[in-house]
Amino acid sequence: MTEPVSRVNRLLLHFSQTVANSRRLFHPFNPEDTAMAAPARKQLPPAYEPATVEGAVYDMWGRGDYFKPRIDPEQEPYCIIMPPPNVTGELHLGHGLEDAITDALVRWHRMQGEPVLWVPGEDHAGIATQNVIERELEKEGLTRQDLGRDVFVERTWMWVRKYRSRIADQHKKLGASADWSRDVFTLDDHIVRAVRKTFVDLYNEGLIYRGLRMINWCPRCETALSDLEVDYEEQDTKLWFVRYPMVGEGGMPLPDYVLVATTRPETMVADTGVAVNPEDERYEDKIGRMLLLPIIGREIPVVADDAVKPEFGTGAVKVTPGHDPNDWEIGQRHDLPVIVAMDRQARMNDEAGPYAGMTDLEARAAILRDLEDEGFLDHEEPYRHSVGVCSRCKTVLQPIPSEQWWLDVNKPHSGGVSLSKAAADAVLQGRITIVPQRFEKDYLRWMDNIRDWCISRQLWWGHQIPVWYCENRHTVVQTTDPASCPECGGSLRQEEDVLDTWFSSGLAPHADLGWPDDTEDLRYFYPTSDMQMGYDIMFFWCARMVLLGLYNMRDRGPENSVPFRTVLFHGLIRDAEGQKMTKSRGNVVDPLEVASKYGADAFRLAVLTGAGMGADQKYSDERLAAARNFANKLWNTARFVLMKVGEGRVRRPHHADQQSFAIEDRWILARLEQVTADVDSMLRAYQLAEAARTVEDFLWGEVCDWYIEFAKVRLNEGDERPKQVLVHVLDHGLRLLHPFMPFVTEELWQALKDHIDDDMAAALIVAWFPKSGANWADAGAIAGMEHVIEVNRAIRNLRTEKKLPAGERPAVYLRAADYAGALEETGAATNFTSRVSVSVLSANAELPPGDYAFQRVADTEVAVALPQVDASAERARLGKELAEAEAHAGRLEAQLANETFRSKAPANVIAGMENTLSETKSRIAGLRERIATL
RNA sequence: GGGCGAUUAGCUCAGUUGGUUAGAGCGCCUCGCUUACACCGAGGAGGUCGGGGGUUCGAGCCCCUCAUCGCCCACCA
């Protein structure tokens with residue numbers, strides 16, 4: 001319980017060290033050892049070309065071995081396991097988003113000096129991959145049965161080898177700083193051992209068992225599925241009403257009958273009863289009597305069961321325990337026989353008598369025809385309901401009783417609780433944090449209602465279940481392959497079924513780190529820190545990792561057996577119309593195509609900021625272009641700075657000299673610190689998108705738009721101070737941005753770092769992340785510069801409005817009070833950037849004769865000299881402005897006159913409002929005066 | 001049937017403890033002297049924050065309700 005706190009403390013402690021100290025603490029990489037930085041570029045090209053930069057930068061990181069953590073017992077590590085993409089094909093945009101999120105977190109933590117491990121992996125994806133290979137075979141006119149299991153599996157491995165490397169390559173192109181030396185495939189030998197041990201332990205606990213139950217059967221994939229792998233599709237069909245005649249003495253049909261409603265007449269052949277509600281008076285006298293199953297001629301009983309709703313249909317339901325989950329239950333309660341009338345492929349079998357060999361739909365048509373002919377079909381009604389389909393191939397599923405392997409998630413195990421209870425508690429008690437929090441509800445509700453998990457699959461591709469049967473019906477369950485039956489010495493045959501893919505991926509956090517072996521990685525990195533995935537696999541994966549992780553790692557105790565401390569759920573990337581991207585729709589976008597067009601950094605920034613956490617986003621070229629433009633802007637900012645710095649090295653500004661810096665220097669340095677603090681708190685709160693936007697807005701909207709423009713004048717005069725500031729602000733800006741845009745920032749930082757007279761890391765990826773020390777706080781400079789900026793905006797606004805030619809440099813008089821100093825100090829910059837000739841006057845000074853356009857900014861009056869003025873137009877303009885100002889003042893006065901407001905609102909809000917009111921009032925006075933003189 | 005989310009400028013989206021006149025990008029209109037950047041710069045137009053009600057001195061934000069869209073879970077003879 002003290003873990004998270006101590007981690008924070010440790011960080012705070014580190015950051016309170018001096019810069020030089022903290023660098024030594026943070027970075028194990030000795031700059032001299034790793035001086036293999038990218039080849040120094042003589043000059044940066046005028047536009048950022050991602051293609052020429054990304055590969056070289058990624059290689060440089062690889063050569064520096066920066067993706068591998070150094071295990072240091074003194075430090076709290078940061079670890080994140082990659083959700084292993086299926087080896088079925090290439091990565092899609094969603095994987096790109098995951099890389100953007102994970103890599104941002106990983107780089108941020110790495111830059112704080114923590115030992116950071118990102119474990120990459122790929123999933124064998126049992127049913128999905130088998131389907132892909134089967135489709136491949138189909139093109140050659142083959143089936144997997146033609147090949148046989150061994151050849152089929154070997155062929156699948158060939159596919160896996162090809163796609164694993166391709167997938168890794170894609171991650172690398174996107175900049176993923178994962179430790180590739182630890183890459184895990186879910187069928188690797190050590191994962192096989194982990195899977196087998198988990199299975200055997202749970203079997204020995206009695207939690208894994210083999211049982212005959214109703215399951216979801218896919219007739220195309222020919223396997224059982226778990227409840228989660230069932231999709232439901234609305235279907236328009238009919239409700240058919242069929243007469244089941246009563247049977248009299250001696251088996252003779254009577255004229256009386258029971259009318260039943262069914263959507264699946266084809267299952268009639270397997271009916272073994274008819275059920276009614278015990279309270280239903282209509283059928284009171286029929287309960288216990290026998291009916292004659294039409295066409296088939298079998299006698300079946302009428303039973304009373306609470307599960308029957310009297311209001312539905314006729315209130316009487318045919319009971320088909322072999323083909324319906326509810327009927328299975330009813331059948332069990334009333335001891336009705338179970339008839340299964342379909343085979344593995346959903347064709348009618350011999351139990352279906354004359355309909356044997358037909359598909360279910362053929363049989364339905366034939367049976368309806370026969371019922372009609374023989375007068376049993378009463379009528380039909382249109383009916384809409386949903387049918388379960390295979391989430392992989394969309395084939396309609398058949399509920400069928402079948403022997404399968406199950407994991408009992410609700411039965412208490414030797415640890416005293418059930419798997420599901422433990423998994424729910426971990427979240428309820430805050431040992432696992434879900435972000436965004438609203439997903440907690442989904443998770444908990446699912447855990448509360450979870451039923452036993454069908455873990456066996458009738459597939460060839462996957463973890464074969466570690467169970468062996470001998471000829472004398474002995475069963476052997478163990479982690480290693482037995483040579484012969486331990487009980488009778490007989491020869492053994494391994495269970496042919498494989499495990500649900502999610503059984504193995506559910507072990508990822510501990511198995512990827514080496515479990516069941518007691519490895520250094522497992523000891524050091526487990527529990528992992530953050531986990532990240534799309535909300536669509538919350539139950540499939542997140543829930544299973546918690547169920548299985550808590551169990552396998554239970555020796556660690558409640559606090560440290562969790563697979564991860566925090567799990568982030570992100571949304572899906574849809575196409576521009578908001579449709580889900582699927583191969584069948586043909587709207588899938590390849591992240592590498594996007595990255596090659598706009599750059600990997602642009603891709604990452606665009607998808608990261610595309611939507612709030614957990615919300616879906618629409619793919620948009622415009623957003624990509626905007627992100628690319630920002631990368632280019634950054635590039636040119638650096639080009640400018642480097643050009644001004646020239647060959648030499650520049651000292652960082654030192655805050656002891658703060659007062660020797662100009663107001664704009666102090667402003668941008670103070671702002672940098674605020675941004676640094678904001679970014680820090682946002683990242684701690686997993687507000688990645690907000691953090692990235694904050695840095696972007698700062699660099700573009702403040703550094704580029706104002707600081708650089710203002711600095712140009714002094715730079716041209718040979719003032720050295722702006723160089724110090726530029727270099728420092730750019731350096732920190734690149735650091736802050738690096739988690740989000742790693743390539744361009746690294747490339748620029750490599751070009752910049754040798755120009756800073758300071759102890760710089762070998763690479764940005766391992767440079768320390770800025771931490772706000774509040775050394776440059778300067779409220780006066782911030783207020784002053786904000787005012788100066790507003791004044792410049794006013795000047796430009798008037799210029800444009802009065803249509804002054806761009807080449808003209810009109811005189812501007814600023815009648816100022818509080819901000820006179822700031823305006824005076826920045827006068828030359830204002831002249832340059834707003835192309836005017838400024839004079840700062842006292843508030844009540846006379847203006848030289850002539851015409852002016854006026855605007856009021858707080859207590860400063862801006863007067864732009866005009867060649868001549870159209871009095872009526874000017875009066876109208878000022879009148880409008882006056883009306884707005886008066887309305888504003890009116891609102892403020894009303895608010896401030898309100899006694900309850902004055903007594904309840906915080907002082908700073910009242911003070912701020914009063915200040916605005918007095919400024920607005922003086923603005924009104926100025927406007928009235930102007931109008932009067934016109 | 002139960003639950004969750006969304007609804008803010010023409011489009012895509014920010015807006016986390018309720019606080020002075022609600023933001024960005026793209027698009028649109030006008031202009032562009034100036035070698036960091038036209039993947040740019042300057043200025044501008046454009047929003048009763050889905051409707052209604054409530055709480056509060058004060059609501060885009062909290063509560064109730066309705067509407068539309070989307071999703072999840074359960075059941076569907």
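To find a chain, count down the sequence lines: A is the first, B the second, and so on, and within it residues start at 1.
The closest side-chain heavy-atom distance from A/Arg623 to A/Thr609 is below 4.5 Å. The shortest side-chain heavy-atom distance between A/Val594 and A/Tyr598 falls under the 4.5 Å cut-off. A heavy-atom distance below 4.5 Å is not found between the side chains of A/Glu380 and A/Phe241. For the pair A/Tyr443 and A/Asp448, the minimum side-chain heavy-atom distance is 4.5 Å or more.
Residue A/Glu622 has its side chain nearest to B/rC26 when only B/rG3, B/rA36, B/rC26 are considered. With distances taken from any side-chain atom of A/Glu690 to the nucleotides B/rA36, B/rC75, B/rA14, the minimum falls on B/rA14. Distances from the side chain of A/Arg796 to the nucleotides B/rG43, B/rC73, B/rC75 place B/rG43 closest. Candidate nucleotides B/rA14, B/rG3, B/rC40 were compared by shortest atom distance to the side chain of A/Arg445, and B/rG3 ranks first. Side-chain proximity of A/Leu892 to B/rC33, B/rU20, B/rG43: nearest is B/rU20.
Judged purely by atom type and a 3.5 angstrom limit, A/Arg628 has no side-chain atom pairing as donor or acceptor with the backbone of A/Tyr48. Listed for the A/His323 side chain is no donor-acceptor partner under 3.5 Å among the backbone atoms of A/Arg264. Remark: side-chain polar atoms of A/Arg799 are not paired, donor with acceptor, to backbone N or O of A/Pro810 under 3.5 angstrom.
Between the side chains of A/Asn792 and A/Ser834, at least one donor-acceptor pair of N or O atoms lies under 3.5 Å.
Evaluation of atom-type donor-acceptor distances gives a pair under 3.5 Å for the side chain of A/Thr916 against the base of B/rU20. Remark: the A/Glu709 side chain and the B/rA42 base include no donor-acceptor N/O pair separated by less than 3.5 Å. Between the base of B/rC37 and the side chain of A/Lys633 there is a donor-acceptor pair shorter than 3.5 Å.
The residue A/Gly313 sits apart from the nucleic acid: no heavy atom pair falls under 4.0 Å. Residue-level contact check: A/Lys712 touches the bases, meaning some heavy atom is under 4.0 Å from a base atom. When heavy atoms are screened at a 4.0 angstrom cut-off, A/Ile910 is found touching no nucleic acid atom at all. Within the nucleic acid shown, A/Arg835 comes within 4.0 Å of at least one base atom, counting heavy atoms only. Residue A/Asn797 is classed as a sugar-phosphate contact, given heavy-atom separations below 4.0 Å to backbone atoms only. Base contact: A/Arg628 has a heavy atom under 4.0 Å from a base atom. No engagement by A/Phe241 is indicated, since no non-hydrogen atom pair under 4.0 Å with the nucleic acid exists. Within the nucleic acid shown, A/Lys309 comes within 4.0 Å of at least one base atom, counting heavy atoms only. In this structure, A/Met643 reaches the sugar-phosphate backbone alone: every heavy-atom distance under 4.0 Å involves primed, P, OP1 or OP2 atoms, never a base. At a threshold of 4.0 angstrom between heavy atoms, the contacts of A/Val308 include nucleobase atoms, whether or not backbone atoms are also involved. Within 4.0 Å of A/Trp700, counting heavy atoms only, lie sugar-phosphate atoms of the nucleic acid but no base atom. Among the heavy atoms of the strands lying under 4.0 Å from A/Gly612 are primed sugar atoms or P, OP1, OP2 only; no base atom is included. A/Ser620 comes within 4.0 angstrom of no nucleic acid atom, judged by non-hydrogen atoms across all strands.
Spacing between atom CG of A/Asp442 and atom P of B/rA74 amounts to 12 Å, rounded to whole angstrom units. B/rC37 atom C1' lies 3 Å from atom CG of A/Asn636, rounded to whole Å. Residue A/Tyr443 contributes atom OH, which lies 16 Å from atom C1' of B/rC73 at whole-angstrom precision. The CG-C1' distance, from A/Asp697 to B/rC13, rounds to 13 Å in whole Å. Protein atom CG of A/Asp448 is 15 Å distant from nucleotide atom P of B/rG3, rounded to whole Å. Between A/Leu634 atom CG and B/rC40 atom P there is a gap of 13 Å when expressed in whole angstrom units. Atom CG of A/Leu97 is separated from atom P of B/rC13 by 14 Å (rounded to the nearest Å). Residue A/Leu572 contributes atom CG, which lies 15 Å from atom C1' of B/rA6 at whole-angstrom precision.
When each of A/Lys803 and A/Ala576 is assigned the nucleotide of RNA chain B with its nearest heavy atom, A/Ala576 is the one assigned upstream, toward the 5' end. Along RNA chain B, the nucleotide nearest A/Trp446 and the nucleotide nearest A/Met913 are compared for position; the residue whose nucleotide lies closer to the 5' end is A/Met913.
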With B for base contact, S for sugar-phosphate-only contact and - for none (protein heavy atoms under 4.0 Å), nucleotides 56-65 of chain B reads -B--------
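Taking side-chain N and O atoms only, A/Lys441 has no distance below 4.0 Å to OP1 or OP2 of B/rG3.
If you take atom P in B/rC61 and the same atom in B/rA22, they sit 14 Å apart, rounded to whole Å. Here, B/rC39 and B/rA45 have their P atoms 26 Å apart, quoted to the whole Å. Using atom P as the reference point in both B/rG54 and B/rA59, the two lie 12 Å apart (nearest Å). A gap of 23 Å separates the C1' atoms of B/rC57 and B/rG52, to the nearest Å. A distance of about 28 Å separates the C1' atoms of B/rG23 and B/rC71, rounded to the whole Å. Annotation: B/rU68 and B/rG32 have their C1' atoms spaced 45 Å apart (nearest Å). Atom name P, nucleotides B/rG25 and B/rG43: the rounded distance is 12 Å, in whole Å. When the P atom is compared between B/rU17 and B/rU34, the two are found 46 Å apart, to the nearest whole Å.
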With both pairing distances under 3.5 angstrom for Watson-Crick or G-U wobble, and | for a partner in another strand, the correct string for RNA chain B is (((((((..((((.....[...)))).(((((.......))))).....(((((..]....))))))))))))....
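In this structure, A/Arg243 is positioned above the aromatic face of A/Tyr257, its NZ or CZ under 6.0 Å from the six-membered ring centre and within 45° of the axis.
A/Gln437 CD: 12 or fewer foreign heavy atoms inside a 6.0 Å radius. The environment of CZ in A/Arg451 is sparse: at most 12 heavy-atom neighbours from other residues, nucleotides or ligands sit within 6.0 Å.
Using a 4.0 Å cut-off between charged side-chain N and carboxylate O, A/Glu311 and A/Lys309 make no salt bridge.
Of the listed residues (A/Asn216, A/Asp360, A/Asp324, A/Thr267), just one forms a side-chain hydrogen bond (donor to acceptor under 3.5 Å, both in side chains) with A/Gln398, and that residue is A/Asp360.
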